[in-house]
Amino acid sequence: MGFGDEAEKHQLIDFDEQTDVLLVSEELPKHSNGMICRALTTEGKVLREERYYSIGGGFVLTDAEMSNSDAGPVCSWGRPEIPHPYSTMGDLVALCLDHGIDIATAVRRNEEARTSPEQVKKELDRVWSVMESSLERGLKAELEGVPLPGPLGIVRRAPGMYKRALGGVDPMLATTDRICCWTAMP
């Protein structure tokens, strides 16, 4: 089995997600949202291992990237220095109170420390579009009571909640923004 530029050594392997993916609830040392991918022989010998960390904002780093000290000043999880570093939600709330800013401002400033404001806006627009499409798919009335994907067997309730929330309002007049605001209200 080849990796990277060793294309001549690449070969197809059998892969069965049900038996070949093992989910372990264990936090990796460099970040709370990480995973280890291993290629094993049929005897269980590790051919290759790589660790990946989802660090937020759509960014995924390898173990080497998390450890890279040549990228200039880095914070504890290996990214370029940001103006508002935090590790927990408590840290984030405290820094927002200390600086007199809201969470969205703190996060946006951190993102803009690593990329241009234009790129941040472009990515936020892309994420919003994906979220909005997901929401619209999930609100389809014909899906009411249909189980969600996955092993838990949870049935969809959003279409019924959406219908009750409209309470006679023409669905054509209801916008995703209005529904998001309605669901976010206490």
Side-chain angles (χ1 to χ4, degrees), residues 4 15 17 21 23 27-28 30-37 50-68 70-89 91-93 95-96 99 101-144 146-152 154 156-163 165-166 169-186:
F15 178 79
E17 183 178 354
V21 175
L23 300 177
E27 192 170 307
L28 298 177
K30 292 185 180 174
H31 194 280
S32 59
N33 196 4
M35 71 178 195
I36 302 171
C37 294
E50 187 65 71
R51 293 169 185 238
Y52 295 96
Y53 301 92
S54 176
I55 60 170
F59 296 95
V60 176
L61 299 178
T62 64
D63 201 51
E65 291 167 325
M66 291 287 281
S67 300
N68 183 4
D70 297 332
V74 293
C75 44
S76 62
W77 57 87
R79 290 167 32 181
E81 191 62 59
I82 54 176
H84 303 296
Y86 60 91
S87 297
T88 67
M89 189 64 187
D91 292 347
L92 177 58
V93 170
L95 81 83
C96 287
H99 290 88
I101 58 176
D102 59 25
I103 290 172
T105 299
V107 171
R108 188 169 197 125
R109 287 178 182 169
N110 285 350
E111 292 298 323
E112 289 177 353
R114 290 182 279 121
T115 189
S116 71
E118 295 78 20
Q119 185 64 27
V120 171
K121 181 182 181 336
K122 180 180 172 184
E123 286 302 310
L124 286 173
D125 288 345
R126 183 188 63 77
V127 168
W128 177 252
S129 176
V130 170
M131 290 173 60
E132 192 170 38
S133 296
S134 174
L135 191 86
E136 288 169 359
R137 278 191 315 275
L139 295 178
K140 291 183 179 174
E142 66 269 13
L143 296 176
E144 177 73 23
V146 174
L148 290 164
L152 300 178
I154 298 171
R156 294 176 190 268
R157 298 179 306 165
M161 291 173 67
Y162 175 65
K163 187 176 180 182
L166 290 176
V169 174
D170 182 346
M172 296 306 289
L173 300 176
T175 66
T176 306
D177 291 340
R178 285 186 185 165
I179 298 303
C180 287
C181 290
W182 179 82
T183 58
M185 295 175 74

Item to check | Euclidean distance, Trp128 CH2 relative to Lys121 NZ, rounded to 0.5 Å | outcome: 13.0 Å

Next on the checklist: Could you tell me if the side chain of Thr105 sits less than 4.5 Å from the side chain of Arg109, heavy atoms only?
Outcome noted: yes

Checklist entry - With Asn33, which residues qualify under side-chain hydrogen bond (donor to acceptor under 3.5 Å, both in side chains), at least two apart? => result none

Item to check | Pairwise side-chain contact, Pro83 with Asn110, heavy-atom cut-off 4.5 Å (strictly under) | outcome: yes

Next on the checklist: Please give me the minimum heavy-atom distance between Pro147 and Arg156, naming the atom from each residue.
Outcome noted: O-NE, 4.2 Å

Next on the checklist: Please report the interatomic distance CG(Leu139) to CD(Glu144), rounded to the nearest 0.5 Å.
Outcome noted: 10.5 Å

Next on the checklist: Under the criterion side-chain contact (heavy atoms from CB on, under 4.5 Å), I'd like the reasoning laid out for Leu124 against Arg108: C-alpha separation, chi angles, the key distance, then a yes or no.
Outcome noted: CA-CA 10 Å; Leu124 286 173; Arg108 188 169 197 125; 3.4 Å; yes

Item to check | Non-hydrogen side-chain atoms of Met35 and Val21 separated by less than 4.5 Å | outcome: no

Checklist entry - Between atom OH of Tyr86 and atom CG of Leu92, what is the distance when rounded to the nearest 0.5 Å? => result 5.0 Å

Next on the checklist: For Asp125, is there any backbone N or O sitting under 3.5 Å from a side-chain donor or acceptor partner on Ser129?
Outcome noted: no

Checklist entry - Any salt bridge between Arg126 and Glu123, counting N to O under 4.0 Å? => result yes

Checklist outcome for this item: Test side chain to side chain contact (heavy atoms under 4.5 Å, CB included), reference Tyr53, set Leu28, Val60, Thr62, output is Leu28

Checklist entry - At what distance, to the nearest 0.5 angstrom, does CD1 of Ile101 lie from CG of Leu95? => result 6.0 Å

